[in-house]
There are 2 protein chains.
Amino acid sequence: MNAPMGLRERKKQRTRETISDTAITLFLEHGFDQVSVVDIAAVAEVSKPTLFKYFPTKEDLVVHRFADHQTVASSVVAERPPGVSAIDALHQHFLDGLAARDPITGLNDDEDVLAFHHLVYSTPSLVARVSKYLAQAEDALAETLAGALDSDREITAALLAGQVIATERILASVNWRRIVAGRSADEVHPEAVADADHAYALLRHGLAGVAPRK
Amino acid sequence: MNAPMGLRERKKQRTRETISDTAITLFLEHGFDQVSVVDIAAVAEVSKPTLFKYFPTKEDLVVHRFADHQTVASSVVAERPPGVSAIDALHQHFLDGLAARDPITGLNDDEDVLAFHHLVYSTPSLVARVSKYLAQAEDALAETLAGALDSDREITAALLAGQVIATERILASVNWRRIVAGRSADEVHPEAVADADHAYALLRHGLAGVAPRK
DNA sequence: GTCTGTGAATTGACTTGGTTAAGAAATTTG
DNA sequence: CAAATTTCTTAACCAAGTCAATTCACAGAC
């Protein structure tokens, strides 16, 4: 598919990676706000306008890495095997992510992943950027669910999409906090699975199904 | 409480309002990105550093107006009458908001409110700012729910908080879209109530309770 | 292998959001 | 009214992001 790529294309690709890698290295070393884009451009040996041609904002130098996650939830629903409900597919996919130590689940104790995570979540403008991606993921999921759910109310799809995205975000943040506290991914894994099962039970059966009324 | 306010305080208050009103007027007239902060400062007859002393960013000139909404959901739960469950209190509060045509519910057809709403939601940087407020509302609600819910799992509070905030955001956006389509708030009100009841049923009893499995 | 056309990179200047320091103005207190 | 303090202004500055004109380098034709 991309084997017959001209020298020009390959060079562009390489330049793009060089810029991003340079930026992330510098950010991890000195902090996002302490590194200016001219610093990055200088180290990467490109000009400032060139840098902005490859990445529209300074934040994109970092967050482009998980840009594709926008469509994951939607695809999971769209491509689930026949006979599997949308929510079962999402639940199973999250459990698979935990088992595979997918960084997006928060259950990953790799040093580099943790450092990257810390960079993102300790920088407000990067957090803002991430939540924009989450909003897009929610929109995409809502649209797919609208076709997959056939509830009597069309709003159900949007509501469920919002709840699913919020749920997975919170599960990931809880897992991540446990890892940051110094525990290993293997050690945390059983709790993470239990939390995920609990969270999806909440989505399936509501608060009345999991918590006593008070 | 604030009756014995010195001349200085009153003047500061007045300056603050002048700056914000000037900004919003100009934004509504020409668009957020087409008006620079020096323009605003000039019209409001203050210097640029003074403007930034009153409002830390350009976005805050607009969104400070619903800054207090951060704590509303949390307060509703904290101050609910005895014998009322947290989710019932939140549900009822949202219905009250609909009845009162509270702009935050999206059910308000006032021309100025609509214009303001459009300004915010058609400007990416303002949307980002709003979602930061929503995140804070979620955190505050999670903390209050943690004390109010006594589930066996502490994560339940965080999950429910995320779901509630997402739910109310989506309900508001649906209402708002109906109003933008040209319908009156009075006309839409019954549907908005039905949607809210449906959404809270989803929170209480889960997807299994409201939609057939597919 | 050289020429030529085209897309990309560079340079340099510019706009805007936001900050800082020093001094001027105005309000409070005595 | 005078002294002390807070606030405002002026002017300069930094960083993100954009734009126009020019230069560079690869690709294809000869």
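Residue numbers begin at 1 in each chain, while the letters A, B, ... track the order of the sequences. Quick note: numbers below take in every heavy atom, side chains included, and nothing from hydrogens, waters or symmetry partners. Fair warning: this is a prediction, and the values are worked out from it, not measured in the lab.
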What's the closest nucleotide to the side chain of [X] if the choices are [options]?
{"X": "B:K11", "options": "C:dG12, C:dA26, D:dT10", "value": "C:dA26"}
{"X": "B:S36", "options": "C:dA26, C:dT16, D:dA16", "value": "C:dT16"}
{"X": "A:V46", "options": "C:dA8, C:dT10, D:dT9", "value": "C:dT10"}
{"X": "A:S47", "options": "D:dC8, C:dT10, C:dT20", "value": "C:dT10"}
{"X": "B:F52", "options": "C:dG12, C:dT19, D:dA16", "value": "C:dT19"}
{"X": "B:V37", "options": "C:dG17, C:dT11, C:dA8", "value": "C:dG17"}
{"X": "A:T57", "options": "D:dC8, C:dT11, D:dG17", "value": "D:dG17"}
{"X": "B:P49", "options": "D:dA16, D:dA11, C:dT10", "value": "D:dA11"}

Indicate, yes or no, whether a donor-acceptor pair under 3.5 Å links the base of D:dG17 to the side chain of A:K48. yes
Steps toward side-chain hydrogen bond (donor to acceptor under 3.5 Å, both in side chains) verdict (A:S36, A:D39): CA-CA 5 Å; A:S36 77; A:D39 295 339; 3.2 Å; yes
For A:R16 and C:dA8, give me the distance from atom CZ to atom P, rounded to whole Å. 14 Å
Euclidean distance, atom NZ of residue B:K12 to atom P of D:dC8 [Å, nearest integer]: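 About 7 Å, once rounded to whole Å.
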Per the side-chain contact (heavy atoms from CB on, under 4.5 Å) rule, which among B:V35, B:I19, B:I24 passes with B:L61? B:I19
Whether A:Y200 and A:H91 hold their rings parallel, tilted or perpendicular, with breakpoints at 30° and 60°: parallel
